[in-house]
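Working notes, beginning with the structure itself.
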Amino acid sequence: MGEARRSVYRNPGEVLKILFFFGTRPEAIKMAPLFHELKRDANSFEVKICVSAQHREMLDQVLDFFSIKPDFDLNLMQPNQSLSGLTQVALYGIQQVLIEYKPNWLVVQGDTSTTFVGALAAFYERVKVAHLEAGLRSFDKESPYPEEMNRVLTTHLSDLHFAPTKQAKENLLREKIEEHKIFVVGNTSIDALFLCLEKLSDKTVDNFPTLKSIDFSKRVVAVTGHRRESFGKPFENICMALREISERAAVELVYPVHLNPNVRKPVFEILQGRQNVHLIEPLDYSSFVWLMKKSHIILTDSGGIQEEAPSLGKPVLVMRDVTERVEGLEAGTAKLVGTQTDKIIVETLRLLNDQKAYELMARATNPYGDGKASQRIAKIWKQVSAKA
C-alpha cells in the first residue's frame, strides 16, 4: 500500500493484466461473456478470475455451464453470514490476491457486497477499477438493500464505467463522473442469455428432470423472490397473493425457492401442498432460462430477470416497491407491482385475462441490449489501454 498506482496502459507488445472478481450467480452470468471475449485476444489481454464464493452452490453451477475455472477461490460462504462479516473477510482475501497477481485492472460487476469490497481493496492497492453494469440507481439507499449503496460506493471507487443504458450514463453524469470515463455498451446479461439459448435450442423438458412434474400445456407463471428488504410481512404478502392466483387461475405456478431461510419459511408455510403450485429447489442457469422461455408471465424481484425476460417476449411483474431498472418500466416490458397482496393479484390476473394488455408488454422492445455488449467493451478497452 502507498505505492504509485500501476500503469493501465500497454507498451507495444505488452499484455494488459485483468482480474475479474465476483461471488454470486448473477455476477458470474454477466461476467462470463466478457471473460471469454477478452480471453480470445491473448495478444492484448491476460485474464484471470477470483471468486469470493459469496453464493457457493449457485455460483459453481454457472462456472460449470460457461466452462470457467477460477484462478483464485476465496471460498468465503458461511451459514447465516452477516454483511459485516462477509465484508471483513472478503476485503482481506481479495487484497492478498491483488498483491500476488498485480493486475492493471480489477473488474467488478453490479451491486453485490463482493463488488463493493473488490473496488475498495483495489483502491487501497492502487489498482484501477472497471465497473460493469455501472450507473443503475433506485435513489433509495434502503431498497434494494444493501445493493443500492454498494453500487453508489463502487461508482466513486471506479475508473472506467461500462453503463448498460443511456439512463445509467445520465445517472453517473449527475454524480459528477467524467464523461470520457463512461461508455454505454448494453448489458452483458443479454450476451449470456443468447449464448445460453444457442445451447438450449434442441432441449425438451426431458432434459430438465426438476421440471417434469409441470404441465406445460397450461400457462406457466414463473416466480422468483429473495430480496432482503422484503423479509417478513412483505414476503408473506407475496405468498398470499401467489396462493390466491393459484386458486383463481388455471395456471401452473412454478417457484424455484431461494435457499435463504427467510424466504423458505413463509413460502413453504403458505404455498406448500397446492396441486398447481410447484415449489422446487433453485434451478441452474440453463434450466431457469428454459423455464422462462416456456413461461407465460414472470413475477420476480430479481434485477437480472427484468433484463432477460423481454428478450424472450415475457411480461415481467416486479414485486418490489422501487426498481433501479426504470428503462424496462418506460419501455413497457415490466411493471412495478410492489409487495401488496391485492396489487400483485390484480396485475397478474389482468395479464392472464386481457390479451391486448399482455401483447403490449410481450412485444415491447428490450431496452437492455442486443447481445453484443462484450464485443463493444473489448474494443473500448483496447482503445483506452493503448493511449499514451
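Asn260 and Asn262 are linked by a side-chain donor-acceptor pair at a separation below 3.5 angstrom, with hydrogens and angles left out of the test. Glu27 and Thr112 are linked by a side-chain donor-acceptor pair at a separation below 3.5 angstrom, with hydrogens and angles left out of the test. If you check the side chains of Gln96 and Glu100, you find no donor sitting under 3.5 Å from an acceptor. Ser287 and Asp284 form a side-chain donor-acceptor contact under 3.5 Å, judged by distance and modelled atom types alone. Ser189 and Glu307 are linked by a side-chain donor-acceptor pair at a separation below 3.5 angstrom, with hydrogens and angles left out of the test. A donor-acceptor contact closer than 3.5 angstrom is absent between the side chains of Thr339 and Asn237. A side-chain N or O of Glu133 and one of Gln109 form a donor-acceptor pair less than 3.5 Å apart. A donor-acceptor pair shorter than 3.5 Å can be found between the side chains of His226 and Asp301.
Residue Gln88 qualifies as open at atom CD: its count of foreign heavy atoms under 6.0 Å is 12 or below. Shown here is Lys265, whose NZ atom has no more than 12 heavy atoms of other residues, nucleotides or ligands within 6.0 Å. Annotation for Tyr92: atom OH does not count as buried by contact number, only 12 or fewer foreign heavy atoms lying within 6.0 Å. Residue Lys17 qualifies as enclosed at atom NZ: its count of foreign heavy atoms under 6.0 Å is above 12.
Contact annotation: the side chain of Tyr101 never approaches that of Leu106 to less than 4.5 Å [non-hydrogen atoms, C-beta and beyond]. With contacts defined as side-chain heavy-atom distances shorter than 4.5 Å, the pair Trp290/Val205 qualifies. Looking at Thr333 and Pro315, their side chains never come closer than 4.5 Å, going by heavy atoms from C-beta outward. With contacts defined as side-chain heavy-atom distances shorter than 4.5 Å, the pair Thr188/Glu37 does not qualify. Residues Asp41 and Lys382 have side chains in contact (heavy-atom distance under 4.5 Å, counting atoms from C-beta outward). Between Val127 and Asn104, every side-chain heavy-atom pair lies at or beyond the 4.5 Å cut-off. Proximity of Phe72 to Val51: side-chain heavy atoms (C-beta onward) are nowhere separated by under 4.5 Å. Between Phe35 and Ile49 there is a side-chain heavy-atom pair separated by less than 4.5 Å.
Proximity of a side-chain donor or acceptor of Asn207 to a complementary backbone N or O of Thr204 within less than 3.5 Å is detected. Not one N or O on the side chain of Tyr255 forms a donor-acceptor pair closer than 3.5 Å with the backbone of Leu271. Using a distance-only test at 3.5 Å, with no hydrogens or angles considered, no donor-acceptor pair links the side chain of Ser295 to the main chain of Ile298. A side-chain donor-acceptor contact under 3.5 Å links His131 to the backbone of Gly110. At least one donor-acceptor pair closer than 3.5 Å links the side chain of Ser82 to the backbone N or O of Gly85. Looking only at distances, no side-chain donor or acceptor of Ser52 sits under 3.5 Å from a matching main-chain atom of Leu74. Looking at Glu229, its side chain never comes within 3.5 Å of a backbone N or O of Glu142 through a donor-acceptor pair. Although no hydrogens or angles enter the test, the distance criterion places a donor-acceptor pair under 3.5 Å between the side chain of Gln306 and the main chain of Ser302. At distances below 3.5 Å, not a single donor-acceptor pair connects side-chain atoms of Arg25 with backbone N or O atoms of Val62. For Tyr358 (side chain) and His296 (main-chain N/O), a donor-acceptor pair under 3.5 Å exists by modelled atom type.
Of all heavy-atom pairs between Ser213 and Glu252, the closest is O-OE1, 4.3 Å. Residue Leu38 comes nearest to Ala378 through the heavy atom pair CD2-CB, 3.7 Å, listed as atom of the first residue, atom of the second, then distance. The minimum heavy-atom distance between Asp370 and Phe194, with the atom names listed, is O-CE1, 3.3 Å. Here the shortest heavy-atom pairing between Arg228 and Pro146 reads CD-CD, 3.9 Å. The shortest heavy-atom contact between Asp111 and Glu324 is OD2-OE2, 4.4 Å. Nearest heavy atoms, Gly118 versus Ile94: CA-CG2, 4.5 Å.
Clustering ILVMFWY residues whenever any of their side-chain heavy atoms sit less than 4.5 angstrom apart, transitively, puts Ile380 in the very cluster that holds Val107. Residues Val267 and Val221 are members of one and the same hydrophobic cluster, defined by side-chain heavy-atom contacts under 4.5 angstrom among Ile, Leu, Val, Met, Phe, Trp and Tyr. Under a hydrophobic-cluster definition in which Ile, Leu, Val, Met, Phe, Trp and Tyr are linked whenever side-chain heavy atoms come within less than 4.5 Å, directly or via other members, Ile182 and Ile377 are assigned to different clusters. Using a 4.5 Å cut-off between side-chain heavy atoms of Ile, Leu, Val, Met, Phe, Trp and Tyr, with links allowed through other members, Ile305 and Leu351 fall into different hydrophobic clusters. Under the 4.5 Å side-chain heavy-atom criterion for grouping Ile, Leu, Val, Met, Phe, Trp and Tyr, Phe288 is not connected to Leu299 through any hydrophobic cluster.
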When you look at Glu125 and Gln95, which way does the side-chain hydrogen bond (donor to acceptor under 3.5 Å, both in side chains) test go after all the steps?
CA-CA 7 Å; Glu125 293 304 317; Gln95 178 196 35; 3.2 Å; yes
Checking Asn150 against Thr115 for the side-chain hydrogen bond (donor to acceptor under 3.5 Å, both in side chains) test, could you report, in this order, the C-alpha distance in whole Å, the side-chain angles of both residues, the deciding distance, and whether it holds?
CA-CA 7 Å; Asn150 284 341; Thr115 301; over 6 Å; no
Checking Thr300 against Thr224 for the side-chain hydrogen bond (donor to acceptor under 3.5 Å, both in side chains) test, could you report, in this order, the C-alpha distance in whole Å, the side-chain angles of both residues, the deciding distance, and whether it holds?
CA-CA 5 Å; Thr300 188; Thr224 73; 2.5 Å; yes
side-chain hydrogen bond (donor to acceptor under 3.5 Å, both in side chains) assessment of Asn171 paired with Glu175:
CA-CA 7 Å; Asn171 291 340; Glu175 293 180 18; over 6 Å; no
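A salt bridge links Glu179 with Lys169: the distance from a Lys NZ or Arg NE/NH1/NH2 to an Asp or Glu carboxylate oxygen falls below 4.0 Å. Taking a cutoff of 4.0 Å between a charged side-chain nitrogen and a carboxylate oxygen, Glu269 and Arg264 do not qualify as a salt bridge. In summary, Glu247 and Arg274 engage in a salt bridge, as defined by a charged side-chain N under 4.0 Å from a carboxylate O. Looking at Arg227 and Glu147, a side-chain N of the basic residue comes within less than 4.0 Å of a carboxylate O on the acidic one, giving a salt bridge. By the 4.0 Å N-to-carboxylate-O rule, Lys343 lies close enough to Glu347 to be salt-bridged with it. Salt bridge present: Lys181 and Glu178 bring a charged side-chain N and a carboxylate O closer than 4.0 Å. A salt bridge links Lys212 with Asp206: the distance from a Lys NZ or Arg NE/NH1/NH2 to an Asp or Glu carboxylate oxygen falls below 4.0 Å.
Between the CG atom of Asp191 and the CZ atom of Arg376 there is a distance of 8.0 Å, given to the nearest 0.5 Å. A distance of 12.5 Å separates CG of Leu291 from NZ of Lys293, quoted to the nearest 0.5 Å.
Cation-pi geometry between Lys199 and Phe65 is met: the NZ or CZ atom falls under 6.0 Å from the ring centre, inside 45° of the normal. In this structure, Lys48 is not positioned above the aromatic face of Phe20 in the sense of NZ or CZ being under 6.0 Å from the six-membered ring centre and within 45° of the axis.
Here the rule is side chain to side chain contact (heavy atoms under 4.5 Å, CB included) with Arg320, and of Ser138, Pro144, Ser230, Pro234 only Pro144 fits it.
A distance of 6.0 Å or more separates the ring centres of Phe183 and Trp381.
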